[in-house]
Each structure stands twice: as structure tokens, then as C-alpha cells.
Number of protein chains: 2
Amino acid sequence: MRKRRETKKTGRRAGSARPERSPAQGEDYEAVFRDFLQEKGLKLTRERKVILEEVFRHDDHFDIDEFYLKIKQKGLKVSRASIYRTLPLLLECGLVDEVKTTERQAFYEHIHGRRHHDHLVCLSCGKVIEFYSPAIERLQEEICRRRRFKSLRHVLEIQGHCKDCASA
Amino acid sequence: MRKRRETKKTGRRAGSARPERSPAQGEDYEAVFRDFLQEKGLKLTRERKVILEEVFRHDDHFDIDEFYLKIKQKGLKVSRASIYRTLPLLLECGLVDEVKTTERQAFYEHIHGRRHHDHLVCLSCGKVIEFYSPAIERLQEEICRRRRFKSLRHVLEIQGHCKDCASA
DNA sequence: ATTGCTATTGAGACTTAATCTCAATTTCAT
DNA sequence: ATGAAATTGAGATTAAGTCTCAATAGCAAT
Ligand SMILES: [Zn+2]
Ligand SMILES: [Zn+2]
Ligand SMILES: [Zn+2]
Ligand SMILES: [Zn+2]
């Protein structure tokens, strides 16, 4: 068993800032995944189904190790390697969002009709607060346009102390 | 000898976007460092001097491994451990800026009168282009204020393809 | 300059997230 | 049902970063 790094995990729920879901997008992520796989000549295996289900059962951010443990505790059998191999696929087909943090480990969140958003991360309690600023997004586009830089993605993470930890 | 990871290093010079130096700030970074160390009861060793000099000889971003190799090639003798121990000190006293990237390795850049800035990173050629947007900075402050989040630092990295690579 | 208390160093061991290996197994189009 | 090709998983490997600890160096006080 891999030793888990010790990290503050308290209160790792997103704050009130989460953009609400758009119910417009269908629930059938399995169909999306299946089609994606088929198109690439890949196979929808039992393991991939388990991972997909589990990803969509999660309603907040998670890191891979946490995710692996959760699957294991449920008695489902999927290897760490398969998880590491499947998440990039889910990323590629747009069902999952990867947020590379300034910490070593990236975290993930299923998309399921969520909008893009960025993050405030509390250095004391580990809380992740989502925010979305159309103005900032627009300015980024502007910056890229001016430099003829073709933007594919971005990471904006603000680190500091949340209001609970700052007052303590 | 530690095996280097293979990464695209071509054209890793910053683009034209670098904010110009402010000549107002004195050149005497060694004095700054010495005072800082003294205040903390730490010592200005030969190794620390070498590292400091070398950091300020670099005029763009660098990662630790690259940095270590460069020092070694010059025949200067400083261990990897010392570099890993010294850079956080330089960070702490504000002489160096650490930019955690979405890649595994962070990169560094000496400050020396530079303003804060963020980065465009080209995924094809590895080029790092700096930019600074007062408007974005202001919006970030605004977001934090609204959430009573005390911001300490932030990372904004936009990934994509630079104009040279996009046209190719 | 000498002394002595600490901070520091460096070689190499260790940690750990992530990737790779490869034989055994599973998927799925035919 | 069949077989080519993709996939799996246990464990090895990689590599950035951290830690250990005996030997050494800085420096303040004498
Ligand atoms: Zn954004
Ligand atoms: Zn907090
Ligand atoms: Zn900024
Ligand atoms: Zn490029």
C-alpha cells in the first residue's frame, strides 16, 4: 500500500461560489464516453465504467489517490494504473476537468454541465473555493489576441487564507 | 549523475512582453540577502554566495536542475541539496520569484526590480512569454475582497501555442 | 588569533506521484 | 465462436524533491 502524503484535507468542499449546473446538458455521460472510445478504437471495459461512474458520483474536487482509495473501500477492483490511464481519456473527451495546482498533485472534477471556473485555495485548511470572472476571462483572451498566442487552457489559482482561517 | 527529464527547451527566452526593469532598485542584492540572513541568525556561506551570484546572472526563467548543471559546468561546487535549501530563502527575502507551473517542475526568476507578471507558455516550443495586466490584478483583488479571502499569491498561466508555433 | 556554539554542507538514502513493463485477460467486430 | 488488438494489474522504475548525519565552516565573543 502506497503511503499517503499528509495533507490538510479539512473542509475541502467548494464554497458557495460554485456556478450552478446547467440542466441543459444530458446526463448520459456513459454514451459520451462510449462514443469517444469507439471513435478512437478503444474499448469500454468494466474498469473504465467503474471509474466513470465513480467520477460522476463525486461532487467536488478530488485527487487521484483519494479517488483510488474510495473505489477500493467500496470493494470495486480497479488498479491505480487504470485510473491513471483512464483519467486522461475522460479529460480528452471533455467529461472531466483537470486542475493543475501549484501543489504537487493535480485535482479533478467532473464537468457535467459546469462552467469553467478558477480557484481560491486556502493554505490553512485546504478549502477550494470556485469563482468565475467573465471580465478576467475576457482580458485573458485579449492578451492572447494581442500576442497572437493561441490559448488552449489556463490556470488561475489564488492562494491565501479563507475568511474562517484568516479570522482565527 | 541524475538523469534529466527530456523537455522541450528550444527558444526558452521570454518574448517582448517583459516589463522593463525599474532602475530605481539598487543592485546590491548581496546586502539584501546578508541582512535577511543576519536577521534570522543564518550565515552567509560560500555556497549561498555562489547561488546568489548565479541567480542574478540568469536573465530569464530557470528550473533548479538546469541551474544546478550550469553551476557545475562552471566548476563551482555547490550541492543540489544546498540549492534546494537556498532558493526558499531567496524567495522569502523577496530576491527571487518562484513560479509554480502546471508542469512538474517550478521555475524561478530573480526579481531585481521586476514587477509581478504572469505567463503564457507555449506547449510546442516551451517559450515563456511574460505579461502583466493591471486590470486582471485588480479584478482578482476584487474577487478576494468579496469573499473575504486574504490573498497571498497567485498563479496565472495560459497555455497554448505561440505565434511561431501556431503558424507552423 | 583562538575558542566554541551553531548553522551548514554534501553524499547518498529516502519519499512519492506518476509512468512503464509485460504476461495474462478481456473486448468486440466479424 | 474466433482472433486480433486493446487492456489490465502487480510490481518495477523514474525523477523531483526531501531528509539524514557526520564533517565542516561561519561568526561572535574573548
Ligand atoms: Zn479562468
Ligand atoms: Zn481556510
Ligand atoms: Zn498576476
Ligand atoms: Zn512556440
Side-chain angles (χ1 to χ4, degrees), chain A residues 1-7 9 30 33-52 54 61-69 71-72 75-92 98-108, chain B residues 1-7 9 30 33-52 54 62-69 71-72 75-93 98-108:
Chain A
M1 161 73 99
R2 185 171 288 217
K3 200 184 290 176
R4 301 218 57 204
R5 77 189 184 301
E6 35 173 321
T7 311
K9 287 280 176 185
E30 187 169 321
F33 195 33
R34 194 202 320 279
D35 292 352
F36 168 78
L37 291 174
Q38 183 141 45
E39 189 138 339
K40 301 200 74 167
L42 304 178
K43 294 165 181 173
L44 183 57
T45 62
R46 188 189 62 81
E47 288 80 3
R48 284 178 180 160
K49 278 186 215 157
V50 167
I51 292 169
L52 180 65
E54 213 48 45
H61 312 85
F62 61 93
D63 63 52
I64 291 194
D65 213 56
E66 186 184 333
F67 186 68
Y68 170 71
L69 255 30
I71 283 185
K72 208 174 168 192
L76 303 168
K77 281 180 299 306
V78 176
S79 72
R80 217 180 280 271
S82 288
I83 294 174
Y84 272 106
R85 283 184 292 228
T86 300
L87 276 171
L89 293 175
L90 291 173
L91 259 185
E92 200 183 333
E98 179 192 40
V99 183
K100 294 274 199 160
T101 67
T102 54
E103 300 301 311
R104 291 267 284 269
Q105 247 182 341
F107 61 75
Y108 297 83
Chain B
M1 162 72 97
R2 187 169 290 217
K3 199 184 291 175
R4 300 219 58 201
R5 78 190 183 301
E6 35 175 320
T7 311
K9 286 282 178 184
E30 187 169 322
F33 195 34
R34 194 202 321 281
D35 292 352
F36 168 79
L37 291 174
Q38 183 141 47
E39 189 138 335
K40 302 199 73 166
L42 304 179
K43 294 165 182 175
L44 182 56
T45 62
R46 188 189 63 80
E47 289 79 3
R48 284 177 180 161
K49 277 184 214 159
V50 167
I51 292 168
L52 180 66
E54 213 50 42
F62 60 93
D63 64 50
I64 291 193
D65 213 56
E66 185 186 333
F67 186 68
Y68 170 70
L69 254 32
I71 283 185
K72 208 174 168 193
L76 303 168
K77 282 180 299 304
V78 176
S79 72
R80 217 179 280 269
S82 288
I83 293 174
Y84 273 106
R85 283 184 292 229
T86 300
L87 276 172
L89 294 174
L90 291 173
L91 259 185
E92 200 183 334
C93 71
E98 179 191 39
V99 183
K100 294 274 200 162
T101 69
T102 55
E103 300 301 310
R104 291 266 282 269
Q105 247 182 343
F107 61 74
Y108 297 84

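Computed from heavy atoms alone, side chains included, the values below leave out hydrogens, waters and symmetry copies. Each chain gets a letter, A, B and so on, in the order the sequences are listed, and its residues count up from 1.
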Can you tell me how far [atom2] of [N] sits from [atom1] of [X], to the nearest Å?
X: A:D65; N: C:dT16; atom1: CG; atom2: C1'; answer: 9 Å
X: B:R80; N: C:dA13; atom1: CZ; atom2: P; answer: 15 Å
X: A:L69; N: C:dA17; atom1: CG; atom2: P; answer: 11 Å
X: B:I83; N: C:dG12; atom1: CD1; atom2: P; answer: 17 Å
X: A:E66; N: C:dT16; atom1: CD; atom2: P; answer: 17 Å
X: B:I51; N: C:dG10; atom1: CD1; atom2: C1'; answer: 12 Å
X: B:L89; N: C:dA7; atom1: CG; atom2: C1'; answer: 12 Å
X: A:L37; N: D:dT7; atom1: CG; atom2: C1'; answer: 12 Å

Which residues share a salt bridge (Lys or Arg N to Asp or Glu O under 4.0 Å) with [X], sequence neighbours left out:
X: A:E54; result: A:R57, A:K74
X: A:K40; result: A:E92
X: B:R48; result: none

Checklist entry - To the nearest 0.5 Å, how far apart are CD in B:E98 and CG in B:L87? => result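 The distance works out to 8.5 Å.
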Checklist entry - Can you tell me how far the CG atom of B:D65 sits from the OH atom of B:Y84, to the nearest 0.5 Å? => result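 So the CG of B:D65 and the OH of B:Y84 are separated by 6.0 Å.
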Identify each atom pair where a protein N or O and an N or O of nucleotides 19-24 of chain D are less than 3.5 Å apart, giving names and distance.
none

Can you tell if the side chain of [X] reaches within under 4.5 Å of the side chain of [Y], non-hydrogen atoms only?
X: B:K43; Y: B:L37; answer: no
X: B:K77; Y: B:V50; answer: no
X: B:T86; Y: B:E47; answer: no

Next on the checklist: Quick one: does any side-chain atom of B:S82 pair with a main-chain N or O of B:V78 as donor and acceptor, under 3.5 Å?
Outcome noted: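 Not confirmed, B:S82 side chain does not pair with B:V78 backbone.
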Next on the checklist: Checking A:F33 against A:L89 for the side-chain contact (heavy atoms from CB on, under 4.5 Å) test, could you report, in this order, the C-alpha distance in whole Å, the side-chain angles of both residues, the deciding distance, and whether it holds?
Outcome noted: CA-CA 9 Å; A:F33 195 33; A:L89 293 175; 4.2 Å; yes
Checklist entry - How large an angle, rounded to 10°, do the end axes of the helix from C:dA1-D:dT30 to C:dT30-D:dA1 enclose when each is built from five base pairs? => result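 Here the local axes at opposite ends form an angle of 30°.
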Item to check | Closest approach of B:F67 to B:I83 (non-hydrogen atoms, all atoms of both residues) | outcome: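 Of all heavy-atom pairs spanning B:F67 and B:I83, the closest is CD2-CG2, 3.8 Å.
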Checklist outcome for this item: Expected string for nucleotides 25-30 of chain D under the B/S/- scheme (protein heavy atoms, under 4.0 Å, primed atoms plus P, OP1, OP2 as sugar-phosphate) is -BSS--
Next on the checklist: If the cut-off is 4.0 Å, is A:Y84 near the phosphate of C:dT19, judged by side-chain N/O to OP1 or OP2?
Outcome noted: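 No, outside the criterion.
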